[in-house]
> 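My questions will all concern the structure given below.
Sequence lines set the chain letters: A, B, ... in the order given, protein chains first and strands last, and positions in each chain run from 1.
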Amino acid sequence: MRLSQIAREFDLELIGEDKEIEGLEALQKAGPKELSFLDNPKYLGHLKSTNAAAVIIKEEFLQELGDGVSALISDEPYVTLAHISKLFAKPPYQKEGKEPKIAQSATIAPNVSIGYGSEIAEQVIIMPGVVIGDNVRIGEGSIIYPNVTIYRDCVIGKNCIIHAGTVIGSDGYGFAHTRDGRHIKIYQNGNVIIEDDVEIGANCTIDRAVFGSTVIKRGTKLDNLIQIAHNCEIGENVLMASQVGISGSSKLGRNVVMGGQSGTAGHLEIGDFAVIAARGGVTKSIPGKKTYAGFPLMEHKQWLKLQGLLMRLLKRQK
Amino acid sequence: MRLSQIAREFDLELIGEDKEIEGLEALQKAGPKELSFLDNPKYLGHLKSTNAAAVIIKEEFLQELGDGVSALISDEPYVTLAHISKLFAKPPYQKEGKEPKIAQSATIAPNVSIGYGSEIAEQVIIMPGVVIGDNVRIGEGSIIYPNVTIYRDCVIGKNCIIHAGTVIGSDGYGFAHTRDGRHIKIYQNGNVIIEDDVEIGANCTIDRAVFGSTVIKRGTKLDNLIQIAHNCEIGENVLMASQVGISGSSKLGRNVVMGGQSGTAGHLEIGDFAVIAARGGVTKSIPGKKTYAGFPLMEHKQWLKLQGLLMRLLKRQK
Amino acid sequence: MRLSQIAREFDLELIGEDKEIEGLEALQKAGPKELSFLDNPKYLGHLKSTNAAAVIIKEEFLQELGDGVSALISDEPYVTLAHISKLFAKPPYQKEGKEPKIAQSATIAPNVSIGYGSEIAEQVIIMPGVVIGDNVRIGEGSIIYPNVTIYRDCVIGKNCIIHAGTVIGSDGYGFAHTRDGRHIKIYQNGNVIIEDDVEIGANCTIDRAVFGSTVIKRGTKLDNLIQIAHNCEIGENVLMASQVGISGSSKLGRNVVMGGQSGTAGHLEIGDFAVIAARGGVTKSIPGKKTYAGFPLMEHKQWLKLQGLLMRLLKRQK
């Protein structure tokens, strides 16, 4: 799609060369066929060095733009991005396409749907009620239990087990907010990649990335009713007990352990081998190889001291 | 159904005129074809003014009853209501009925079930594994992702997006408790109404009302694994992050924001533009336009002070 | 399977008589056809009295073994158990078997899958999208709402109601951890037993036992999005509000009430008629007939005092 066409569609001013745009990406990752945006002035530094074809920006930042990068002028760049994202959204459901490729030793139960262009490897078992979108790949020996949904473009590794009712690749929760309080959907055009030997419990939800991929690395084991938000990266051999929630763009190192009903805020990092006790709420990046608890989070031994202190205060006042 | 027939079935005394009853309703909302009940003496004031055809009450409250209102006498009115509610329950699954009306431009995938009397509007997309009960209406342009279940009588507006595995219209959690500790189901004969432009994430649960409707107003966006209990009213343009739980009959104003894993008790109101931080637990009604946190809930700045105070106490004692 | 065959497969030393093994079980429950294990020295006392055919143990504990019990020697008995458990796992999906027995008055909707050897009793209603594994029994008058999954070998009692999207019998979350940080699946060869008159809300997850059964006793009512882990025993007439999580092997007495978003650690007992307020986190066994709150858990009146104390401290410092 041409920049000029986008500009016309949303009544935006185009500054610089008209170019062909193939998708949307964050400033730092965008390439010469991609459109990006700058809304938060905190990221102004990235404007000079971006490789994007063009950037949606406020007029006042035009002079910060690198050479040869075009601009679409908007006084609400994030809202504009949201509107434009719809143009690049893939269809949620296609009525025709390339027949899926299913290996001969795969078992496909009745009442299963497999989308166009998908590939199911040898020894895979897909049970009744499973719905697999277009262009999904499922690796050798994986078992998909009943009523699982895997949205389009997702990738499941080898020897994975996905339990019943789990949803992989649903849209990340991303909206731009207008001044009058409406929320404009940012179409989530990325995917989910699940590496080999991952087991995911029942009724979990793993959201697709807005751009790029939500990733769960090899050997990780999730219990039931867990939420992994868009653009997270979950390290190798991570363990999560039931009802954990990981917010968007957070990154867990290898062998992190999350206790039941614990959670994290978004955009943070948890170091390798960190342990979060049940109900722990991680609100900022933390180093690995330690045990944490509480909300706000602290080291587990601090949390135990705090509980002791509170019990003493309570006894004293009686 | 005649009052006399209900009285006979459950061995209750009927006081006053025998009338035709078409359904059950709360005291304040009941009309002249409806049966209501009074169990909690707190609501005694509503007895005089009710428009109900009849009320299930303890004998001692007979003299408080308005003119022309009949009574069914029970010493456990709520338990009696529960038993009677079964008589008015619609069948969970019908084997015959009026063919559903599906607009020509709607896309209905294979392995979809659509109940009798349901109406699917233009441009709707219904993906594989979706089950829609009897008498459901889905508005123009809405997208229903795989393995969603919509129970009978629910209404989905225009341009809604419902992600995979979500359940709309399941029975509210309502039971009357007998003196020997059993729980008698109160059949949930209401429905769920979802207005236009609502997006609901994956594996959410939105329960139908016991009487009347659970309502989610236009423009509201829910993340994954969220619970909305029976008879809630969620205002316009509300945002809820993952794993939020809203208890029965609570009412959220417009543009309320609920952080991840937050929740509310039942029967309370949250004012317009209130923000509840992650993990916040709302236990009573709160005014809008403020930010809250903690459990028990307090203003967010108070919560920050409290955490600072606790950290100082902890340091001092070392 | 012969012990010698298992020993050969995993390169283990077999001490004592070669025997035929039919399954795996915990030390105290194992019978003369079963293989057990000892990893945690805490349970050394059970070694003398076990009726198991054989036990996987470290060499140093050989002399504690009862007469006539064989041994498989491993320096990581739990990891070895995990590897062996795969040999006894039943197939997740069978392509042939005995036709299911469906009573004449049962209603089976379209798009339903019922596994080999399963039995569906009179008056049962099974709605579209339900998937029932092999060898499942569903008792008279039970209603299974759409898109429910019931894994193989589970038992549902009479007059139960299972709401949409719920998963019964998914694998418990059980792994043995290797020294290099990998997690070896312990195949969950038990089942789930749900007694009569139980109602389970939408999108709940009830895991199958590793050995034996996860049990939900008669009259219990669960709300939505609840997690019951493997080997739990939930007493009669228990009530659980939405988003509760019960960890593995915990045992709740009769008429226990769990408030919304509350939870428990594993391997504990809650006495009859205990009430856990919303968000309460049970970390050790507690007596019944009391009301508890908080995390860590305390009596509810203590918790109220603690909150009052904190509010006073906060006011004083301003």
> Might you confirm whether atom NZ of A:K185 has over 12 heavy atoms from other residues, nucleotides or ligands at distances under 6.0 Å?
yes

> Can you tell me how far CG of A:N203 sits from OG1 of B:T205, rounded to the nearest 0.5 angstrom?
10.0 Å

> Is it the backbone or the side chain of B:E199 that comes under 4.5 Å from a heavy atom of chain A, or both, or neither?
side chain

> Please check if the distance between the ring centroids of A:Y151 and B:Y145 is under 6.0 Å.
yes

> Are any non-hydrogen side-chain atoms of A:D207 and B:D223 less than 4.5 angstrom apart?
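Yes, close enough: below the 4.5 Å cut-off.
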
> Shortest non-hydrogen contact from A:V244 to B:Q243?
O-NE2, 3.2 Å

> So does B:R137 have more than 12 non-hydrogen atoms from other groups sitting under 6.0 Å from CZ?
no

> Give, as side chain, backbone, both or neither, the part of B:I161 having an atom under 4.5 angstrom from any heavy atom of chain A.
side chain

> Output the residues of residues 171-180 of chain A for which the shortest heavy-atom distance to chain B is under 4.5 Å, in residue-number order; output 'none' if no such residue exists.
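Residues in range: A:D171, A:Y173, A:F175, A:H177, A:D180.
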
> Using the ring of each side chain (for Trp, its six-membered ring), is B:W303 parallel, tilted or perpendicular to A:F295, with breaks at 30° and 60°?
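Ring orientation, 0 to 90° scale: tilted.
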
> Taking all heavy atoms of B:M127 and all of A:P92, pick out the closest pair and write down the distance.
CE-CB, 3.5 Å

> Of all heavy-atom pairs between A:Q261 and B:R279, which one has the smallest distance, and what is that distance?
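Here A:Q261 and B:R279 meet closest at O-NH2, 3.1 Å.
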
> Within a radius of less than 6.0 Å around NZ of B:K221, do more than 12 heavy atoms belonging to other residues, nucleotides or ligands occur?
yes

> Atom CZ of B:R316 and atom CG of A:L309: how far apart are they, to the nearest 0.5 Å?
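That separation rounds to 9.5 Å.
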
> Between A:L306, A:L310, A:V131, which residue shows the highest count of heavy-atom pairs closer than 4.5 Å to chain B?
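Most pairs with chain B among the choices: A:V131.
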
> Side chain, backbone, both or neither: which part of B:R218 has a non-hydrogen atom closer than 4.5 Å to chain A?
neither

> What closest approach, in Å, do A:Q227 and B:S242 show between heavy atoms, and which atom pair accounts for it?
CG-OG, 3.1 Å

> To check you understand the geometry: which heavy-atom pair defines the closest contact between A:S170 and B:H163, and what is its length?
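So the minimum-distance heavy-atom pair works out to CB-ND1, 4.1 Å.
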
> Which atom names give the shortest non-hydrogen contact between B:M311 and A:M298, and what distance separates them?
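Heavy-atom minimum between the residues: CE-CE, 3.6 Å.
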
> What part of A:L225 gets closer than 4.5 Å to chain B, counting heavy atoms only: side chain, backbone, both or neither?
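Answer is both: backbone and side chain atoms of A:L225 are under 4.5 Å from chain B.
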
> Given a strict heavy-atom distance threshold of 4.5 Å, which part of B:N237 is in contact with chain A: side chain, backbone, both, or neither?
both

> Output the distance between atom NZ (A:K305) and atom CG (B:L314), rounded to the nearest 0.5 Å.
7.0 Å

> Classify the side-chain pair A:T149/B:N147 by whether it contains a donor and acceptor separated by less than 3.5 Å.
yes

> Return the option, out of B:I143, B:T220, B:L239, B:T107, with the maximum number of heavy-atom pairs under 4.5 Å with chain A.
B:L239

> Between B:N255 and chain A, which part of the residue has a heavy atom less than 4.5 Å away: side chain, backbone, both or neither?
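For B:N255, side-chain heavy atoms alone lie under 4.5 Å from chain A.
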
